[in-house]
Each structure stands twice: as structure tokens, then as C-alpha cells.
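Because only heavy atoms are used, hydrogens play no part in the values below, and waters and symmetry mates are left out as well, while side chains stay in. Quantities reported herein were computed from a predicted structural model and do not represent experimental measurements.
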Amino acid sequence: MSVTVTAGGAIRSGPRLAALLALAALLACLPLGWAVAEDQGETAEAREVRLGHKVDLNSAPSEAILGLPIPRDLADNILDYRQRISYFDSVYDLMNVEGMTSEHFATLKPFVSTLPPPEEDASLARLSASYRQAQRYLGQEGSNEGLVDEYLDKMRNPENVNDMDLYDLMSYQNVSPVDATNIIKARERLGRFESGRQLRRSEGLRYWSYRNLRDFVVYEEPGAETSGNKVTGYAQTRYSNTPYYNGDDEDIPGSVYFRIRGDYYNPRLLNKVRVNAPGGYSAGVLTNREYAEVNWDEQVKGYVGVQDRKFGSFRLKGAYVGNYRVAYGLGLVMDNTDFIHYRKTGFGFNKRLLGVHGDLSRSYEYKLTGAAAEGSWGPLNASFFVSSENKDGVVNPDGTLNRMITLRPRMPAELLDGRTGENGLPSGLQRDAIQEDLLGGNMKLMLAPGTFVGVTGYEARYNRGWDPTEETLLNGDVSPTARDSEIWNSYQSYFVDADGNSEEYKFRRVMGAEAQGVYKNVSVQGEYAFVQDPRNKLFTTKNPDAYIINAYSQWDNLHLLAIWRDSDVGYDNPYNRSFSNDNRYEQTLLDAPYRLNDEPYTLIE
């Protein structure tokens, strides 16, 4: 076969023609090869965009949004807008997304569309979107992960940012007094926040404060997003059979109990149910078993409450019957949680929920059971609480209480009955060793945005007197030294004079005052408190006291914090959760189990 083509010359058949045809075929395949190579480096969603298939902004997975021809940060902002603020009614709503420009919009418009959003419970959607945030909390809290429960509940039940006051805002991680004050000022200028875009633009609000706060707030009445007048709620079960420790058996939860009882660990089991009803009503119940505990309902907590009800100029922030959490100021007077976090500054992630809240956390030694309420009227914010609970403790041979103890895990009564210590004396460990009837409250007056003064106090009534004698705690071969002064300087209300006459008081009174001031990017906070010696008058300089002051300044990418604290060794307040360097009895004899009459006494904090 021969072919001759004439076009100003001749190309003859033969090997040369075959080579030319092969070269032409190879060149024709190159674009296909490039396309294949390009496809191997892109996702299916990105390929859909390149081939002209439009992406639905309301239902597309994150991979499709990230595959759009825009910068990664802008794609993340589109996802954040959809998850935290609103679905898109039209493509023009993209202009509400932070960082969107007319050039980016012109690029995006041919590739995107909007369809009606899928129906989904708003609280569940928010919780799903906040999973990474929850993981960050767990990483920050470490072994004190019980504190995170409170913030996970707040994620599921967001608050209207337009109703939140300074104290509400300051309760959230990374929201400093300066940030909270700037939010209040911006809201006063605007009248209200309509979207996260407006909140983000609050003058002086740091980016990371906004990023954290947006997980917990909405911009209209809770439930108005999708739920309407529906009853909503959630149920949670958490099962864990892996002890949380740092490589030392002493750090394993239940290790003391294990050595005493000598059998296997029971796994941790938590069940929690919460229901929210129209009108701000809510209820919840929790059962919990810690590692090595026997009964699934070793701890039972529950409450019924109402939140955010307005009666003219009075706002009922919350009222609860059952179990509740209370925290004020810098934690020097009242913060009722078992999960003591040392060096808790009150800034960054080291926060406490200020005020009164329903309690479905895992703490039980310092839980409060009764009734509590908090409300505000103009610049005045006030709350009160009343509680009656039994507390675990160490009982002296004469029937007085040596001190409270947080048994974690909580040993069954049959294991403690008849238990004998190293010195041959009966162990003083008792479940429900003392009954505590508590009455207290807090009142604050706002003087200017971010600036206030307040007072806090409580009185506890007991069915026993207190005597912190070291003989009950130490074995007979040990003598305390000066570094153990915290042991015998603990709270005492039972006294015996030289003639053998005894005097017993069955109460404890703690009073305190707090103040805060904010100016531009600087805040100063302080709290003072004292515990009344039962033999003294209430207001006297002879009572043991403590105070803490901090100064804080912030910029966009830098903050500085200075803390000064001072505490009398006799300031013994079981609800004190203020900043401290370590455990009250760190490096004392209570920190050495082989020197104690009973090893579990090391659980005293």
C-alpha cells in the first residue's frame, strides 16, 4: 500500500509515514493525559464544579464547598455562615459572608445555587458543627473533663446574645471582661445583633473570642430557628472502661479502692436526659457511676427550671428546683464543683459558669440540692440559693467531723463499716458523714459597662461540730511538723478548755466582696473573703481571710495577665475554687499514704 499527498511537496509512505502517524496519535492523547493527571489530584466534588455542575450552598458537603475556585479561608467562612448563622435564601446572601468581595462573588456565581435547606433540629446541627470545639475543651481540661459537661450542655441550648448580660458573656471560654464589655457597648450602639457578622465587627472584640462565643449563641429567641413551639431535648449515654492516667498507678481513678477491695474495675457509665419546653422551661436527670463503683445509679441528679423570663424591666435569668450550680466572682467564696482545677485563672479556657444554672455535671460531694434563683433589674443583679445535702467525711472517735472528703470512686458503706486503720483505731471514713443545710446569695451593682461591685455570703448549718485533730488522720509513729500547719489550722467549731469543758458550734459563715473595672483594653478584678471563727464576732479582723487580685490587658494576638493572691492558713472554705498553686494539703503528711491511719485519707483536698 502506498499513499502520496501533494501539498507543495510530497510525503511518501513507508517507515517514515508510520512514525509520523504514531507521533500525531501521541500528541492527540496528551490533553487527555493532562486531564487524567489533573483528575487524580482533585476530589469528585471539585470535578463536579469544573465540569459545570452547580453546588447547592445549603446541602453540599464541606468537600464541595472547599472545592470551589476561591481561597480556603473564604470557603471555611461560607461553611461557618451556613452552620452558625443561616442557610442561604439566594446566592446573593453570599455577600453577607465575612471576607466575600464582589470579585470573589463574580467568580462563584456560575458555580453555585440554592435549594430549600434540609429540615434539621437546630440544636443538633449546632452540636454536630461544634464537635471540634468540644474536643478542644476535653483536651484543655485533661483529667478534669467533668467541667466540660457544663459547656456541652450550653452548646445544645444556646442563648440569645441580645439578652445576655456581662456576667453571662464572661462565663464563656476566651471571652475576657474586656471582650464582654465591648460586646455590650456594640449592642447598645446597634440596638441588637442580627447576625454573627455584626457580632464579629464589635470594636475591640478579639477574633478568637468571637470564634468561641458563636458556638453558644443565637440572634433570635431560642427555638425560633426551626423548633417553634416544639418540645426538644437530648439523651446521652457514655460508657468508658479505660482508666485515665499518666503512667503511675497512683493516678488511676479508683486505684486506692482497687487495692482495698481487690477486684476488677467496673467501667464508668453515665446517662443524661434533658428536655426543653416552650417558655424557657427545662428539666433534666443524670445517673452516673464512676470507675470501680458498683451501682449504675450511685449518683443521681436532676432539676426542673425556667430561664430568661421577662416581667417588665425585671429579667428572671433562671430559677431551679433540684440540683443546681452556683459560682461567683473569682471563686473565693462559692463555686460548687468536685473538679478542682488548680491555677484556674478565670481567663482563656480556665473559666467558671457564673451565676445560677441547672446542674447535670458529675460532681456529687459538693453538689447542692434545693432551690436557687437569679434575676436582674436595671444595674442590679441578685441571686439566692438554699440547699440541704449529706456530705462524705472523716469522723473523729468522739463523733465530731474532722473534715470533708471527696471519695472518687465512692466506696460502698459495707466496705467502710468496721474498717480499722493502721493505728488500730476504726477508720473515720463515712458516707453521708454530715448533714449540711446551706443558705446564701450574691448581689452585684453595675456602675458602668464592665465595672461593678458585689457581695457574696453563705451560712452552713451542720449536725456535728468540727475538730481537725491530726490524731485521727496520722498513724502513731508520725509527728507533724511546721509544713503540716494546714492540717491543724483547718476549720474548727469544737473546743475543749484546760478544765475539760467543751464548747460546740454547728455552723460555718463565709462572707466576701468582689469588684471589677474595665478601661479600654485593660481589666482589673479582685475578691476578698473571710471565714468566721465561731468564737469571734462576724465582722472582726481576727477572722482568717484571703484575697486575690488580677490585672489583664489584651491585644489581637497578645494578652498579659498578672495575679496576686494571699490567704491565711486558717481560711478553710470547702467551696473555695479560686486560683491556687496546688492542693491545700500538697507536700504535707496528707500527701503520704504510708504515714496515714487509712490510705484513702489521701483523697482529702
Side-chain angles (χ1 to χ4, degrees), residues 159-172 175-193 198-199 202-205 209 213 216-217 219 221 280 306-320 324-335 346-347 351-357 372-385 440-458 511-529 547-552:
E159 295 185 70
N160 186 346
V161 70
N162 294 298
D163 292 332
M164 298 171 71
D165 60 22
L166 180 78
Y167 317 111
D168 298 327
L169 292 167
M170 286 170 50
S171 297
Y172 292 101
V175 180
S176 70
V178 176
D179 292 318
T181 301
N182 289 331
I183 292 173
I184 296 295
K185 290 180 177 179
R187 189 176 64 194
E188 290 176 351
R189 289 193 300 268
L190 294 171
R192 62 178 288 112
F193 292 114
Q198 289 184 332
L199 177 62
S202 300
E203 184 179 356
L205 176 63
S209 298
L213 183 62
F216 300 94
V217 299
Y219 305 93
E221 291 303 318
V306 59
Q307 302 87 32
D308 289 318
R309 297 296 300 272
K310 295 180 180 179
F311 304 92
S313 57
F314 175 76
R315 176 194 175 201
L316 178 63
K317 298 176 66 175
Y320 304 92
Y324 55 88
R325 282 274 284 115
V326 180
Y328 302 119
L330 303 181
L332 199 57
V333 176
M334 173 58 66
D335 185 357
F347 291 86
K351 287 284 192 172
R352 57 179 58 87
L353 277 176
L354 298 175
V356 175
H357 303 271
E374 182 179 15
S376 62
W377 182 60
L380 188 66
N381 190 96
S383 62
F384 80 93
F385 54 93
N442 170 270
M443 183 175 295
K444 291 186 282 284
L445 178 65
M446 191 71 67
L447 303 177
T451 301
F452 65 86
V453 294
V455 294
T456 308
Y458 75 83
M511 296 287 293
E514 59 177 308
Q516 174 180 293
V518 174
Y519 179 71
K520 293 185 177 181
N521 67 326
V522 177
S523 70
V524 177
Q525 297 175 308
E527 187 171 18
Y528 168 83
Y547 68 87
I548 180 170
I549 299 173
N550 68 57
Y552 174 86

Looking at every non-hydrogen atom in both residues, tell me the closest pair between [X] and [Y] and how far apart they are.
X	Y	result
Ala372	Val356	CB-CG1, 3.6 Å
Val175	Lys351	O-NZ, 2.7 Å
Gly331	Asp335	CA-CB, 4.5 Å
Glu374	Gly355	OE1-CA, 3.4 Å
Arg187	Val161	NH1-O, 2.6 Å
Val333	Ala529	CG2-CB, 3.6 Å

Taking the side chain as everything from C-beta on, heavy atoms only, tell me whether [X] gets closer than 4.5 Å to [Y].
X	Y	answer
Asp308	Asn160	no
Phe311	Leu316	yes
Gln198	Tyr219	no
Leu213	Ile183	yes
Ser202	Leu199	yes
Gln307	Tyr320	yes
Met334	Asn442	no

Open item on the list: Quick check on Phe314: does its CZ atom have over 12 non-hydrogen neighbours (other residues, nucleotides or ligands) under 6.0 Å away?
Closed with: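 Buried by this count: over 12 neighbours within 6.0 Å.
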
State the [atom1]-[atom2] distance between [X] and [Y], to the nearest 0.5 angstrom.
X	Y	atom1	atom2	result
Asn182	Ser176	CG	OG	8.0 Å
Met443	Glu514	CE	CD	12.0 Å
Tyr328	Phe385	OH	CZ	5.0 Å
Tyr528	Leu332	OH	CG	10.0 Å
Arg325	Leu353	CZ	CG	6.5 Å
Gln516	Leu166	CD	CG	6.0 Å

Open item on the list: Using modelled atom types and a 3.5 Å cut-off, is there a donor and acceptor pairing between side-chain atoms of Ser523 and backbone atoms of Val178?
Closed with: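 Not a single qualifying donor-acceptor pair exists.
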
Open item on the list: For Leu330, is there any backbone N or O sitting under 3.5 Å from a side-chain donor or acceptor partner on Glu527?
Closed with: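 Yes.
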
Task: Criterion salt bridge (Lys or Arg N to Asp or Glu O under 4.0 Å) on Asp163 and Arg315, from CA distance to verdict - done: CA-CA 9 Å; Asp163 292 332; Arg315 176 194 175 201; over 6 Å; no

TODO: Test side chain to side chain contact (heavy atoms under 4.5 Å, CB included) on Met446 and Asn381 and set out the steps.
DONE: CA-CA 8 Å; Met446 191 71 67; Asn381 190 96; over 6 Å; no

TODO: Go through the side-chain N and O atoms of Tyr172 and Glu159 and say whether any donor and acceptor fall under 3.5 Å apart.
DONE: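 Short answer, yes.
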
Open item on the list: Quiz question: by atom type and distance under 3.5 Å, do the side chains of Ser376 and Tyr167 form a donor-acceptor pair?
Closed with: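 Per modelled atom types, Ser376 and Tyr167 side chains form no pair under 3.5 Å.
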
Open item on the list: Could you work out, with side chain to side chain donor-acceptor pair (under 3.5 Å) as the rule, every residue matching Asn550, not counting sequence neighbours?
Closed with: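 If we apply the side chain to side chain donor-acceptor pair (under 3.5 Å) test to Asn550, skipping adjacent residues, the hits are Gln525.
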
Please list, one pair per line, the donor and acceptor atoms closer than 3.5 Å that link side chains of residues 448-455 to other protein atoms, with sequence neighbours excluded.
from   : atom 1 : to     : atom 2 : distance (Å)
Thr451 : OG1    : Val518 : N      : 3.4

